[in-house]
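Accompanying notes for the structure given below.
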Number of protein chains: 6
Amino acid sequence: MFTMKVNDDISLKLLEQEDAKALFDLVDESRDYLREWLPWVDSMKQVADYEPIIEMWLKKFSEHDGYQAGILYKGKLAGMVGFHSVDWSNRKTTIGYWLAESYQGHGIMTAAVRALIDQAFTEYKLNRVEIYCGVGNEKSRAIPERLDLKQEGIIRDAEYLYDHYHDCALYRVLAREW
Amino acid sequence: MFTMKVNDDISLKLLEQEDAKALFDLVDESRDYLREWLPWVDSMKQVADYEPIIEMWLKKFSEHDGYQAGILYKGKLAGMVGFHSVDWSNRKTTIGYWLAESYQGHGIMTAAVRALIDQAFTEYKLNRVEIYCGVGNEKSRAIPERLDLKQEGIIRDAEYLYDHYHDCALYRVLAREW
Amino acid sequence: MFTMKVNDDISLKLLEQEDAKALFDLVDESRDYLREWLPWVDSMKQVADYEPIIEMWLKKFSEHDGYQAGILYKGKLAGMVGFHSVDWSNRKTTIGYWLAESYQGHGIMTAAVRALIDQAFTEYKLNRVEIYCGVGNEKSRAIPERLDLKQEGIIRDAEYLYDHYHDCALYRVLAREW
Amino acid sequence: MFTMKVNDDISLKLLEQEDAKALFDLVDESRDYLREWLPWVDSMKQVADYEPIIEMWLKKFSEHDGYQAGILYKGKLAGMVGFHSVDWSNRKTTIGYWLAESYQGHGIMTAAVRALIDQAFTEYKLNRVEIYCGVGNEKSRAIPERLDLKQEGIIRDAEYLYDHYHDCALYRVLAREW
Amino acid sequence: MFTMKVNDDISLKLLEQEDAKALFDLVDESRDYLREWLPWVDSMKQVADYEPIIEMWLKKFSEHDGYQAGILYKGKLAGMVGFHSVDWSNRKTTIGYWLAESYQGHGIMTAAVRALIDQAFTEYKLNRVEIYCGVGNEKSRAIPERLDLKQEGIIRDAEYLYDHYHDCALYRVLAREW
Amino acid sequence: MFTMKVNDDISLKLLEQEDAKALFDLVDESRDYLREWLPWVDSMKQVADYEPIIEMWLKKFSEHDGYQAGILYKGKLAGMVGFHSVDWSNRKTTIGYWLAESYQGHGIMTAAVRALIDQAFTEYKLNRVEIYCGVGNEKSRAIPERLDLKQEGIIRDAEYLYDHYHDCALYRVLAREW
């Protein structure tokens, strides 16, 4: 398996078809918790629903257009993190992430996102990284705030979630600010 | 030809292959003026360079993913306006536009963008429309300001322009605000 | 919406996904009338059946290979007209059309087809336009005859209609004849 | 090699990449003769120009949409014959053909076209076969006339040939007439 | 239909959509016999299951990457033979085949495979032809042995057959050995 | 970057576009050495020649059909190793590899190939792994021999190398043998 080491406990794994079951199980255990902020939870009803998505994620990676990785904490799948896509003309990208409830509180996501920002500026030579967080999603907002990203504004009705729109805070960091 | 009427002087035309020459000529006459804010001007060196782009614009239209239209002022091509793409899950889109120098000062773009916002909310039932303007591009910023869009923030280094990044102001309007 | 004006009452609209319902309703009301000459009526059983077809029509338009437009009469969808495809090597095309029963008798189709022939020769610089009409379809044949197209022959068993073949009259007009 | 036997001297061969050279040579020897009625002769300048075309012909065959075959006369490539495409909804097709100058006068094409018409009605269960011939192309018109096809009309400006349009006679035969 | 003549009784036919029914029937009559060595027999449950496969076989032929042909014995479909694909860089290919039970014992397959090897070396100018046979499949192994191919080794667990792996003998012949 | 750790000195990296230059340089320094056994060396003339190939390798990975990885030795690119493709029906695959001259003699490839065989059986649950080595390529053959793979035969003229064919030894290991 191909991973990016974050620290002794945490690594990021490019998800392959073999991971579909673990991914399904992780989401399935945290449905109520995850669906509060993730719009796709309800539509993933069986292991096979992850197969075309895993292929699509890898295809984006193959096209040099971001990737989605599983977060392994002490070897167990705990959540996901990735670059949604890459705007090479303007050398910027957006990071998204989620963590299952039982893995909260270990600093996992802060470390993972820091590693992605490092990678964006060092390996991919990008200039700007963005993160969108639901305004009321305190756990999510804590990540860019801990990493000292700047908040650039509140994006009204940025996302639709099952039956309502919600606002997002937009955070950014530039290569020269990191 | 297929057009959307804006007012007696202005209409929007879905550009077809037959328009490649007029588009090339319009940009070619205003190269210095347009390249100040548009990144693609230098790469369009001959009429044929517009052919794959026109096909790509129409293909996006055919996939229900925005469109790019020529702005006809008294029957002459004066600039372009369109929806870059449409995020149907979150029912939002972004409007982009440019106008040749010789057509400035007639309120053309304000009327055209107003028509697109109307269309976005009425015809496409979207919920949110965004416009990004270079911070120092006063003519561009005047459009959303005249139409009373809200500025949500300044997006640092939002675009790369030949040899430098520049910041953009992000404006938005929601269906319930229009 | 993008339209081509024919006269004060009539315009042609490039059909988009938003039009699927109106198109379904129009055909659904005239099923018995339309299926006499149109082979596809029975297979269109619900609104969603029009979605892939609308995308395919727009895709042909994006490839510069003809288009299918809705006919709006006083703002209401009344039928369709379009260029089936375009033979650019030989600069010729074929026009097809149908009108719902309740819109017959207003000269709608004659005006619409005249507009398409104008467009074929003026905008697209084609040399030849063809129309095929069922030999016994008097309403259909009246259109090219009123517009003074020449009949070139009777095409035996030109089309299969549910359970039988029928003959078509082939009409044509050349640019220099128009 | 895969062939369809016509008689002891004549067979039809599905052209494969190995045939590109023989095809180029045959056309190259008869350029002046063939270009009088065939629009593509001038654009075929080297053996490699036939490779994408042979693949495209075979691809149409693989999609059950007609084929193009080489005519072998006493084992030598003499010309081509084929079904341009097949309209399965209406169960009709069109036959096209050409023969190099030096193979004229042996009844080759009449036998080959008869075999294709047989195949269309017997093997493919089609209902109608068409042949278009340049009005002034007597050798070409002799084929459907010898085979007793009916002429349905003169198609004005049916084809563009380098610098002018020319008319075609349209011949047809139905399954029940054969 | 396009065939390659093997001898007076045997010819090879490029299978087209019209052959789906005959192919289904042949396999259906010999299910028990064929499934002993062929992994795909159980999954072919109706005539329509052969349609995408016939298209895929012809598509490979169109891409110059081998073909699958029906074996006609006295005009009846008796089995299949073909080149699985072609490695043009190394100029080698693999032959596969099967024969229905009722056609065994006439030397059909030996003649057919001999014709393919001839074709591989003469028409396609290949350098090496391989045949894999189940170690315990005596009828299959008799073909390369009768044709004097060399056995290069036993390939362990080469194929999976419903519920077990089985070994294959690998035979080869080079152009200079034929 | 995504890697698979082999031991403290060695890891395998999924090559991305950023690696094109390092890959070009590594091959460029060892052209004479590498071209003795690799057919593609001469055709790689500039960095950009690796870009479509890296995308194709990643695309195969995204389709769950093997991968090609760079071998990092003490952080430097030293060669490549990978699964050419995967036959999921029969659960088998083939490993290929090469190492630049200056990295020979450290046991790098033995360790890397051992890791891939582990991965094939443990992670991908395959049943059989094959390795082909040029008969005279002693360094290459030492790998499967050290890892105790069984030699199943000599494949005559298995590969074409610029101007001659050469024979390969075929090695295999089954899951139950590892």
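Proteins get letters first, then strands, A, B, ... in listed order; numbering begins at 1 in each. The analysis underlying the following values was restricted to heavy atoms, covering all of them including side chains, and did not include hydrogens, waters or symmetry mates.
If you measure heavy-atom distances from L161(F) to chain E, you find no contacts under 4.5 Å at all. Residue I155(E) touches chain F through both its backbone and its side chain, counting heavy-atom pairs closer than 4.5 Å.
Cation-pi check for R91(F) over Y160(E) is not met; the charged atom does not lie both under 6.0 angstrom from the ring centroid and within 45 degrees of its normal.
Between E177(F) and R156(E) no salt bridge is recorded (no basic side-chain N to carboxylate O distance below 4.0 Å). Salt-bridge annotation for D25(F) and K21(F): present, with a side-chain N of the basic residue lying under 4.0 Å from a carboxylate O of the acidic one. Using a 4.0 Å cut-off between charged side-chain N and carboxylate O, E55(F) and K59(F) make no salt bridge.
The most heavy-atom pairs under 4.5 Å with chain F, out of I154(E), N127(E), L174(E), come from N127(E).
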